Amino acid sequence: MVFSSTLFLFYFLPGFLLLYFLAPHRLKNAVALLASLGFYAWGGLPFLALFLASVVVNFVLIRFMDRAEVPWHKRIYLTVSIVLNVAMLFYFKYANFFLENASAVNTALGGAALTWQKVVLPIGISFFTFEKLTYTIDVYRGVNRPLRSFWDFLLYIMLFPKMIAGPIVRFHEIAGQLTDRRAFDTVDHKLAGLFRFGLGLAKKVLIANVLGQEADRIFALAPAELSAPLAWLGAVAYTFQIYFDFSGYSDMAIGLGRIMGFQFPENFNNPYVSRSITEFWQRWHITLGRWMRDYLYIPIGGNRVSPSRLYVNLWTVFILSGFWHGAAWNFIVWGAFHGLFLVLDRLFLLRVSQRLGVLSVVPTFLVTVVGWVLFRAESLAAALAYLERMFGGGLAPLPYFTTEFWAILGLAAGFSFMAALPRVERWEVGLLAAERLALPRAVGLSVATAVLLVLSAGAILGSSFNPFIYFRF
Amino acid sequence: MLPAIQSQFHWIKTAELDGYAEQAPHPDFTTEGLLDNSYQSALEKYVEDRIGFRELFIRLRNQLAYSLFSVGKASKVLIGDDNILLDETAIRAYLGQDFKGQAEIGRNVRRFKAVQDTLAKHNILLVFAIVPDKANFYSTQFPDRFKHLPRSTSNYTAYAREMRTKGVNMVDLARVFRQWKDTAAYPLFPRGGIHWSGYGITRAADTLFRYIERKGQLDLPDFHAEGREVTYNTRDTDADVADALNLLVRPKPFQMAYPSIVFSEPKPGQQKPELLLIADSFGWGMIGFYPFLPKLFNEKFQFWYYNRAVGPGDPTQPGGPPVERELDRKTEMLKQRVILVMFTQHNLGTFDNGFSASAYNIFFPLTASDTAQIQQIEQKMKRSTALQDSLWQEANATNRDYNELLHERAVQRYEQIRP
């Protein structure tokens, strides 16, 4: 069940909110947990038992780790927990990848192709694995005490708004809210949350889906049919599609959390106004960036190493980040591509972008567009063929696209770049993060929410085209 | 939550959506379906098709696309100049993008003429009427992106020329409509419809039936117009596409004219002959919009809609689903006095939808020489491993006998080269 489905919007969500608001305070977690279990089961019933078992094992290991007196005992429990979680992720997400490559090598050496029953990827495994690791490592580090209640731990992992595609919420960020959310249980928070949800839904169905339809058509063309302008148009359309799709999902998740009284961390901050790739990664998928920094980059040395080791560390982290996004070579190359620019930033690019000032937004954006081709293509070979057309495809007039597509593309570009003006960025922050709403603003948000929800419902019901890019990541 | 409540109780009446859409059925609950997620996705589709206020939401979305971006959300519908609704398939046919080639056209016309001559020996008149389409009629009103595309030979121009040259009984109503375009008192095509207008049908009928009378040496019952209603309230198919756009506010139509046609009882010497009509959807206009065929011909005339049988039932009652059924085609054809084949310009890619090809096979069965050549083709096909593989797969998938399928394919190939 995706947030933009009819079943979720008109049945699941209203039903859940009604029960949640009617439930006394002590039962709110139970209602949220049951809804989350139902939400997960709806899309991945065969994996539910496995999922629950892994949560139980983690909970027990963490309790043992917390009670252990001897440091190396703690380390053993930590190691077992990490190995179990990472092994599970590797098995489900990467087994096919490794086997396909091993089979290709074997075949190239004259052997027979290796056969294997294809492994199906459990929904949201990448995200909940990261959250389990976060919790375990933070308890080990003493950042927070472990939860006493298994059910609260299960709720933290399973909370349906952020379970499928994030944002990746670190335990200490919502630790207090898991047991008491009364501080955020206000009408203003609920209204702001509903607005955020409507905004995210509109970003996905009114912008991302329209652009995605054309991007899909262009990426489906044979390379020979692509002129350079058309290839660039497809790449740019996808660039905006993925941003409005993913940030729209994050908005919906953050909005839903806020309606329930949770304060999830922001996941996007106008990434396309970045003046360098380093800044881009501070603004794009922020929770993943933080996770990578705190649980991977810093443990392998971070900045406190020699420059050459620093570059290796950066590159390693981004190659792994690419691999996390998808078990295919094009994702690995995408990660390496971004890692390369992060290294170049430290070598000289940041100095160049400082001189360029706001103009450095343009080259940074173009680098991300090229990167998204690696991300979007079906394979590395397809990505390289597409890139070859972007840079050497020859000029030809663009085929026809509807005024709707051009208008939405223009709208997407406008929304993406308007935050380059600091005043606009401040206004956005004020609008989205306000905790107390004056009456005129509350009325304005209510009307805007209603309009966005009605328009989005029209788009959803009027079109069966409703892909969701991050569903099985 | 209101849409969910509305879907259960239907407290507020909303206008149904126009156009064909099949609602997803309620899925059967099974453990397998639940585990492989097919049940969940099917239930989501079921819910989506029935959610309350769905019609309003869709109309709102379509209206925005139409008003803001001049985009029609019905399949293949384009909005031309002056908000004239056009069919993309017809525009592409006008431009010659689906041209079938002179060889195929020549063969089809040759066969049609052979059938026409054979039927004539049985005193049966076979006539091909080319029906005008809106894209040809409003070729200057195309959306900008089609205006400057190159135009090459279309199926229409090639068939019209070939049929005229080969002596086929043919009425080119498309050419007639073009001649009338600048002088017609009222629209021959509506703004929001894809078929010819009611007024256009009455003008076409006059030309068509005079031709049939002259060629078939027939005297059909008389008919004439007694006044007309001029109105913005469209009738029958005159807003069929506008309705299919499912907007909140239907686009303003042209001012249309609806003549009142009076049919006289047959006078002495006049006949209401047997008729077989083979036509596409434009044929219904001569039956339902104005009842020319039931009034001028035997009321039990046959209508093979797209060359498929209509029935069981009364062909004078349009709107019923055409049902395919096995017919003794030869017997049915020989019962007729007139066989009228009517296809629209943009449908000529499939010519008469197989009518003359099957009639040709009936009246000119395969000879020993033909059979020998088919066998040669079969032998050649058997030498292709790839073709054999695909035929095996198809035979398995469709539960057909492999040899039967092979023979069928060989016959089809031979039909492409048969004189």
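The analysis underlying the following values was restricted to heavy atoms, covering all of them including side chains, and did not include hydrogens, waters or symmetry mates. So that the names make sense, note that chain A is the first sequence line, chain B the second, and so on, each numbered from 1. Not measured: the values here are computed from a predicted model.
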Given the options Val454(A), Leu13(A), Leu455(A), which has more heavy-atom pairs under 4.5 Å with chain B than any of the others? Val454(A)

For Asp28(B), is the CG atom crowded, meaning more than 12 foreign heavy atoms sit under 6.0 Å from it? no

Give every donor-acceptor pair under 3.5 Å between a side-chain atom in residues 193-201 of chain A and any protein atom, sequence neighbours left out.
from, atom 1, to, atom 2, distance (Å)
Arg196(A), NE, Asp251(A), OD1, 2.9
Arg196(A), NH1, Glu266(A), OE2, 3.1
Arg196(A), NH2, Asp251(A), OD1, 2.9
Arg196(A), NH2, Glu266(A), OE1, 2.6
Arg196(A), NH2, Glu266(A), OE2, 3.4

CG (Leu7(A)) and OH (Tyr46(B)) are apart, to the nearest 0.5 Å, by 12.5 Å

Please report the closest heavy-atom contact between Glu44(B) and Ser5(A), naming both atoms and the distance. OE1-CB, 3.7 Å

With a strict 4.5 Å heavy-atom criterion, list every residue of residues 398-408 of chain A that contacts chain B, or say none. Tyr400(A), Thr402(A), Thr403(A), Glu404(A), Ala407(A)

Residue pair Leu461(A) / Glu48(B), side-chain heavy-atom distance below 4.5 Å: yes

Trp42(A) side, atom CH2; Tyr39(B) side, atom OH - distance, nearest 0.5 Å: 6.0 Å

Identify which part of Leu17(A) has an atom lying under 4.5 Å from any heavy atom of chain B, answering side chain, backbone, both or neither. neither

Which members of residues 143-151 of chain B, sorted by number, sit under 4.5 angstrom from chain A on a heavy-atom basis? Arg145(B)

Tell me whether Lys252(B) at atom NZ has more than 12 heavy atoms from other residues, nucleotides or ligands lying less than 6.0 Å away. no

What pairs with Asp185(A) under salt bridge (Lys or Arg N to Asp or Glu O under 4.0 Å), at least two apart in sequence or on another chain? Lys190(A)

Per-residue contact mode, Leu68(B) against chain A (heavy atom under 4.5 angstrom): neither

If I take atom CD from residue Gln40(B) and atom CG from residue Leu45(A), how far apart are they, to the nearest 0.5 angstrom? 7.0 Å

Taking side chain as everything from C-beta outward and backbone as N, CA, C, O, which of these in Leu56(B) sits under 4.5 Å from a heavy atom of chain A? Side chain, backbone, both or neither. neither

